[in-house]
Amino acid sequence: MRPCTRLLPTCVVALTVLLGGLLTGCSFDNADRYADEYAAFARSLPDVEGATVSGHNAVLSDGTVSSLVTLRGGLSDAQVAAVAEQLVSHPPERSVERHDVVLRFSATNGSGGEASVSLHVEPVSGTSQSEPELVERVAAVRAFAADSSGLTDLTDFGTSIHVDTTGDVFATASLLDRYARTVPTRPRQLVSAQKNGNVSWDRGDDLAALQGMSDVLAAIPAAWAPVFWRADAQRPVDEPRFTIVLPKQTPDNVFRRVRNRALEVVVPVDLSRAA
């Protein structure tokens, strides 16, 4: 019987990868081990309410880790910053390619309601910040919340920031655009969202180009509120895009009113009814 040789290249590649990992000292569960150790440390801190830490193993690198650390309520800016400093300065037993930490804590919004806000921090790195700098960042994000009526959540992912509000989504977008310019991680993608729609743009974009959408939305009767809407200027979009999906049973006269209002304010909206 003729021996099978078709599997030989695959076997050689697999063996090469395996030997390479062994020779370079890589552990194929390195990120998981790092995550377990970091989670145990984070949960041991008295002001930490919970920590979700996930390891993402890789064959040819040390892998990456992502952490969401939630603090107990009622902490001052200085107390939040002190926990943040502990988290970023903790010396891990092993190293990974990247460790992203989102620190979540409480704030008060412009309506006097409770909001949840966060900071993206990077542990034990050349960009780690001192405790006084972290106090400033905590104070800044809480000040943003205090200026934002209806804000319910702000999540800083490092490269992007997403906020949810029950208030004026365009006013919140303007506040977010200014706040994002002060964040050291220099987030590029920004989103201000309501229940059924959002404004999305890149830091540095002219928000005025998206503002016309608010005039179109104002022409829609509350009884026929959109199923979904979006004003989008995020890359790779070259020109702002506007989308409104009205309920399936929206009357023709309401549909025409919205379309005519879009023409009046020169907003090239993609208007449709839900299927």
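Reckoned from all heavy atoms, side chains included, excluding hydrogens, waters and symmetry mates. We count residues from 1, following the sequence as given.
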Exercise for the section: For Arg241, look at atom CZ and say whether over 12 heavy atoms of other residues, nucleotides or ligands are found less than 6.0 Å away. Expected result: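 Open.
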Exercise for the section: Give a yes or no on whether Glu264 atom CD has more than 12 heavy-atom contacts from other residues, nucleotides or ligands under 6.0 Å away. Expected result: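 Counting neighbours around CD of Glu264, more than 12 heavy atoms of other residues, nucleotides or ligands fall under 6.0 Å, so yes.
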Flag, side chain of [X] to backbone of [Y], donor-acceptor distance under 3.5 Å:
X	Y	answer
Tyr38	Leu87	yes
Arg142	Ser106	yes
Asn30	Gly63	no
Thr166	Gly150	yes
Arg203	Pro187	yes

Practice task
Any chance you could pull the hydrophobic cluster mates of Leu68, using side-chain heavy atoms under 4.5 angstrom and chaining through other members?
Solution key: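 In the cluster with Leu68 are Val102.
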Handout entry: For Val135, the rest of its hydrophobic cluster, which grows through side-chain links under 4.5 angstrom
Key =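 Besides Val135, the cluster holds no residue at all.
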Practice task
Start with the C-alpha distance between Asp252 and Arg273, add both sets of side-chain angles, then the distance that settles salt bridge (Lys or Arg N to Asp or Glu O under 4.0 Å), and finish with yes or no.
Solution key: CA-CA 10 Å; Asp252 289 343; Arg273 293 184 176 92; 2.7 Å; yes
Practice task
Taking only Lys NZ, Arg NE, NH1 and NH2, and the carboxylate oxygens of Asp or Glu, determine whether Arg235 and Asp205 approach each other closer than 4.0 Å.
Solution key: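 A salt bridge is absent here (no side-chain N lies under 4.0 Å from a carboxylate O).
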Problem - Partner residues of Ser149 under the side chain to side chain contact (heavy atoms under 4.5 Å, CB included) criterion, sequence neighbours left out - result: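 Per chain and number, Ser149 pairs via side chain to side chain contact (heavy atoms under 4.5 Å, CB included) with Ser111.
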Exercise for the section: Using side chain to side chain contact (heavy atoms under 4.5 Å, CB included) as the criterion, list what pairs up with Asn253, not counting sequence neighbours. Expected result: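 For Asn253, the residues satisfying side chain to side chain contact (heavy atoms under 4.5 Å, CB included) (neighbours in sequence not counted) are Pro251, Arg256.
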Exercise for the section: Carefully, step by step, assess Arg137 and Asp156 under the rule side chain to side chain contact (heavy atoms under 4.5 Å, CB included). Expected result: CA-CA 12 Å; Arg137 289 190 63 192; Asp156 183 344; 3.9 Å; yes
Exercise for the section: For residues 198-238, pull every pair meeting ring-ring contact (aromatic ring centres under 6.0 Å, His included), keeping only residues two or more places apart or in separate chains. Expected result: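 Pairs touching residues 198-238 that pass the test: Phe170-Trp229.
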Practice task
Please state whether the rings of His90 and Phe41 are parallel, tilted or perpendicular, taking 30° and 60° as the class boundaries.
Solution key: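 Rings of His90 and Phe41: parallel, as their planes differ by under 30°.
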Problem - Donor + acceptor pair across side chains of Asp153, Thr155 (<3.5 Å) - result: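 Indeed, the side chains of Asp153 and Thr155 share at least one donor-acceptor pair under 3.5 Å.
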Problem - Set of residues satisfying salt bridge (Lys or Arg N to Asp or Glu O under 4.0 Å) with respect to Glu97, sequence neighbours excluded - result: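 Expected list: none.
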Handout entry: 4.5 Å side-chain heavy-atom contact, Gln86 and Leu45
Key =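 Yes, side chains in contact.
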Exercise for the section: Identify the residue among Thr243, Val216, Val258, Leu217 that makes a side chain to side chain contact (heavy atoms under 4.5 Å, CB included) with Pro226. Expected result: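 Running side chain to side chain contact (heavy atoms under 4.5 Å, CB included) over Thr243, Val216, Val258, Leu217 with Pro226 returns exactly one hit, Leu217.
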